[in-house]
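Notes to accompany the following structure.
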Amino acid sequence: MTALALDGVTKRYGATTAVDAVDLTIPEGTFVCLLGPSGCGKTTLMRMIAGLEAPTSGDIRFGAETITSVPVHKRNFGMVFQSLALFPHLTVGDNIAYPLRLRGESRGTIEARVRELLDLVRLPGVEARAITQLSGGQRQRVAIARALAVAPRLFLLDEPLSALDAKLREAMQVELRLLQQRLGITTVVVTHDQREAMTMADQVVVMRGGRVLQMDRPIDVYRRPATPFVADFLGQTNLLEVTRDADGARLHTGALLPGIALPSPQALLSIRPEDVLLLPEGEGPISAEVEFVRDMGSGVEVYLRAGETRIIAHREAGASVAGVGARVALGVKPGAAAVFPAEAA
Ligand code: ATP
C-alpha cells in the first residue's frame with residue numbers, strides 16, 4: 001500500500017526552482033533515501049513532506065488523505081534534523097517526554113514510554129542525565145527516541161548522521177536501518193552520502209537540479225544508472241566517450257570495445273572499476289599505462305591512463321598488480337558497461 005505520494009510537487013523561491021515537478025510514490029514500510037549533491041532540493045522536498053514548507057504547486061498525499069495544506073503539528077510525522085534540536089537544559093528523559101507532555105499524556109504513561117524508547121535506541125537507564133553529558137552518537141539516539149515518542153505515521157530525517165565521525169556514522173546507519181525494520185515505519189532520509197544511502201535504503205531517490213533522476217533499489221541504481229550523472233554520483237565509475245562502430249564502441253585512442261551496441265553515433269559508457277579487466281599487455285582491447293596504485297588492504301585501486309583517458313580499475317585484496325609505469329591491457333567484463341547517448345546528462 002502507498003504511504004506517501006507526491007504529485008507534481010514544485011517549490012519556487014523567486015527565480016529559483018528548488019523542487020521541480022516531483023512525482024514520487026513511497027510504499028508503506030519502505031526506507032527511502034533522498035540523495036543528491038548540495039542544492040539539488042533534497043531538504044526543500046523533505047520540508048514540504050513534513051509540512052514546514054508549502055509547495056508552490058502539486059499535491060502530497062498520505063494514504064488516502066491529501067495533506068498538502070495540513071499543518072505540521074497535525075501530520076503526526078516524527079522528525080530528526082541535522083542540528084538534532086534537543087533542549088540542552090532538559091534531561092534526556094524530559095527531552096523524550098516533551099512531545100508526550102504536549103499531548104497531555106499521564107505521568108505514568110510518559111515514564112513507561114520513555115523507558116521503552118531508551119531501550120529501543122539502546123540507551124537504557126540514562127533518563128536523568130543532562131544532554132550535555134552525552135556523546136554525539138548518544139544525542140543522536142535521544143533525538144531519534146524523541147521523534148518516535150508519539151508513534152509517528154512517517155519518520156523523516158534530514159542529514160541525521162552528518163555531525164558524527166565516519167566510524168560512528170557507519171555504525172549508526174546500520175542501527176537506524178535495523179530500528180526501522182523492527183518498527184516497520186515508513187522512513188524518508190535526506191543524505192548527500194551515497195554509502196549511507198546504499199547501507200540504509202530500500203529505495204534511493206537520486207535528485208539533481210530539483211528533479212528526480214531515478215528511484216530504484218540501491219543495487220539497481222548502481223548497476224543500471226538512469227544517467228551518467230547518477231552513475232558518477234553513486235560510487236566510482238569510468239565515464240568514457242565513445243563513437244559507434246560496426247563492431248562495437250570505439251574510444252578516442254582508437255581502441256575498440258567489441259560487442260557494445262551504441263544507441264547513437266556518439267555515446268558515453270559508464271564502467272565500474274570492478275568491471276575493468278586488467279590483462280597482460282596485448283591481451284585486451286585497450287592499451288594503458290599504470291600511473292598509480294593504491295593498496296587499501298581490503299582491495300587494490302589501480303589508476304591507469306589510456307591516451308588522454310584516465311581509467312580506474314579495482315582488484316581484490318592481495319592481488320598482485322603491475323607496478324607504476326608498466327604497460328597493460330584493459331578489457332571490460334561482458335555486459336557490464338552502462339551505455340548512454342552522448343547528450344544525456
Ligand atoms: P544541501 O545538501 O546543501 O542541504 P539540498 O539538496 O538540501 O542542499 P535545498 O536546501 O533544498 O538543497 O535547496 C535547493 C535550492 O533552493 C538551492 O538552490 C537553495 O539555494 C534554494 N533555497 C532553499 N531554501 C530557500 C529559501 N528559503 N529561500 C530561497 N532559496 C532557497
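Every number for a ligand or one of its atoms is a count from 1 in the order of the listing. Everything numeric in this text was worked out from a predicted model, so none of it was measured. Position 1 is the first residue of the sequence; numbering continues from there.
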Salt-bridge contact Arg47-Asp158 (side-chain N to carboxylate O under 4.0 Å): no
Salt-bridge present (Asp216, Arg223; N to O < 4.0 Å): no
Polar contact flag, side-chain donor to acceptor under 3.5 angstrom, Thr25-Thr2: no
More than 12 heavy atoms from other groups under 6.0 Å of CD on Glu65: yes
Listed once per pair and sorted, the ring-ring contact (aromatic ring centres under 6.0 Å, His included) pairs that draw on residues 74-93, sequence neighbours left out: Phe62-Phe77, Phe87-Tyr98
Minimum side-chain heavy-atom gap Tyr13-Thr44 below 4.5 Å: yes
Report each N/O pair between ligand 1 and the protein that falls under 3.5 Å, naming both atoms.
| residue | atom | partner | partner atom | Å |
| --- | --- | --- | --- | --- |
| ligand 1 | 2 (O) | Lys42 | NZ | 2.9 |
| ligand 1 | 3 (O) | Ser38 | OG | 2.6 |
| ligand 1 | 6 (O) | Gly39 | N | 3.4 |
| ligand 1 | 6 (O) | Cys40 | N | 3.0 |
| ligand 1 | 6 (O) | Gly41 | N | 3.0 |
| ligand 1 | 6 (O) | Lys42 | N | 3.1 |
| ligand 1 | 6 (O) | Lys42 | NZ | 3.0 |
| ligand 1 | 7 (O) | Thr43 | N | 2.9 |
| ligand 1 | 7 (O) | Thr43 | OG1 | 2.8 |
| ligand 1 | 8 (O) | Gly39 | N | 2.7 |
| ligand 1 | 11 (O) | Thr44 | N | 2.9 |
| ligand 1 | 11 (O) | Thr44 | OG1 | 2.5 |
| ligand 1 | 12 (O) | Gly41 | N | 3.3 |

